[in-house]
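Please see the structure below; I have some questions.
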Protein chains: 2
Amino acid sequence: MNEPTLISHNKMFNGHHERYRHFSTATQTEMVFAVYLPPQALQGYRVPVLYWLSGLTCTDENFATKAGAQRFAAQWGVALVMPDTSPRGEAVANDEGYDLGQGAGFYVDATQEPWAAHYRMYDYVTDELPTLIEAHFPVTDKRSIFGHSMGGHGALQIALKNPGRYAAVSAFAPIVNPSHTPWGQKAFAAYLGDDTAAWAEYDSTELVKNAEHKLPILIDQGDADDFYPGQLQPQTFVDAARGKGWNVQFNLRPGYDHSYYFIASFIDSHIEFHAQALDL
Amino acid sequence: MNEPTLISHNKMFNGHHERYRHFSTATQTEMVFAVYLPPQALQGYRVPVLYWLSGLTCTDENFATKAGAQRFAAQWGVALVMPDTSPRGEAVANDEGYDLGQGAGFYVDATQEPWAAHYRMYDYVTDELPTLIEAHFPVTDKRSIFGHSMGGHGALQIALKNPGRYAAVSAFAPIVNPSHTPWGQKAFAAYLGDDTAAWAEYDSTELVKNAEHKLPILIDQGDADDFYPGQLQPQTFVDAARGKGWNVQFNLRPGYDHSYYFIASFIDSHIEFHAQALDL
């Protein structure tokens, strides 16, 4: 395993916000991630980890600087891990659109050219990154996961496909049925090809229908979000989950949009939700 | 008075974060500012205003997106107003350095060429902007003021020079004696000329020595700040104020740096400090 190299660190809420670079075997590129270690982790305790998956165009920095999450991670004693949203670099395939290629990995393992060589964000986020985090930082193997928009899709499908690995999942304005909405259809056709059976493997609404391992789910959606309901149809997922008797918490928030101003407004309740699922 | 034009608005913590553009008679340019109206202001109550002055290179957006201040403004029921740090535009004089010209107005009224035509940030922040805010938004004429670095200098000297106008003043890592430190010397020589008597009019440490109207003062400084103590010597100001019997709260924060990660960590205590001075 390649040791991660520290890029920067900042003290925050008596914990440490740190950025690292490492060579990823999954993506075959250098990858950057950020980790927030709460004060408890600096005082000799191992803490559980809450993974955040960001949306289109983001790096690890958007959530780190804009969400205000570290305040509540420090309060509850949970580490935050914030990966990038795709492999990057001159050798990595890209697209002129903001919704495909670099910054838009969609948390899938691409099977199609020119994407297959590096676009393996599902493998990276689900396997390589937790293994690295649990080897190098003062954390336990208890995990939870959340995300925004494309990252909400990532969090939901990863939690549903890996029963027992995550204590809970939550999402802000998630893409829940990418097989049936434009962002997902464009990305899935490029990364996974024309066979829509392959798409269903990464489609939360399809996955929840067959999921057997129930876990706590929380979704917040602003009703003034420009992408709602064209790209974002959380009710479809909620209906599918509730149809099986799952108790999904779904909050439609009047007047809120797709921005980090929305995320910051409700980040406390999401972190509390995960903290409770993690027995903090 | 020119009506401000709404650029964007985002719901946040049940209040509104709004950005406006207007033509400033002080700077003779278009100026952008942001205002956060807490929920109380949207429910028919007039609320007091807390002015934030940003540091070098910032616009209105750094504090708005990174400090997490709106959470506490909403809690206490105070509006936040966030001006830009200088006039801007092709017709406005500039410098290649990040510490002079656009993004570096230093909250003074320049008397020297080529700056005098537009660099009137003292007048803008102290007079024109509050007049506009109090005419157009659901606020009272109770004000308080705070800032970071160059903006900490701005907040302190403005509060000291305008007795009775501000309920309190606070600062993160402020430049307190610009006449005697490199950033201030470079900017004051350019904007105010060689006569250091003119500099003293904008130097908080000089001003506090002769100030008669006591007001609550809070300063936070990280001891891992790269600019401390070369550019930032808060103890000099604190000593001068305490020497006159003023009760300044000064917190030297171990391990914290100059970034917004530092500001976010202590923003709650600053807003609480102003809220109490404003009788909230």
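So that the names make sense, note that chain A is the first sequence line, chain B the second, and so on, each numbered from 1.
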### Message
Please check if the number of heavy atoms outside B:Tyr98 that lie under 6.0 Å from its OH is greater than 12.
### Response
yes
### Message
So, taking the atom named CG in B:Asn10 and the one named OH in A:Tyr260, what distance separates them when rounded to the nearest 0.5 Å?
### Response
14.0 Å
## Note on the structure
Honestly, the part of A:His258 sitting under 4.5 Å from a heavy atom of chain B is neither
### Task
Using non-hydrogen atoms and a 4.5 Å limit, figure out which bit of B:Ala64 sits close to chain A: side chain, backbone, both or neither.
both
### Message
Show the nearest heavy-atom pair for residues B:Gly255 and A:Lys11, with the distance to one decimal.
### Response
O-CB, 3.4 Å
#### Entry: Gap separating the NE2 atom of A:His17 from the OG atom of B:Ser259, nearest 0.5 angstrom
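Output value for this atom pair is 9.5 Å.
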### Query
Can you tell me how far CZ of B:Phe13 sits from CG of A:Asp268, rounded to the nearest 0.5 angstrom?
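One gets 7.0 Å once the value is rounded to the nearest 0.5 Å.
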### Heavy-atom side-chain contact between A:Tyr261 and B:Gln70 under 4.5 Å
yes
### Query
Which residue out of A:Lys66, A:Arg253, A:Arg71 racks up the most heavy-atom pairs below 4.5 Å with chain B?
A:Arg71
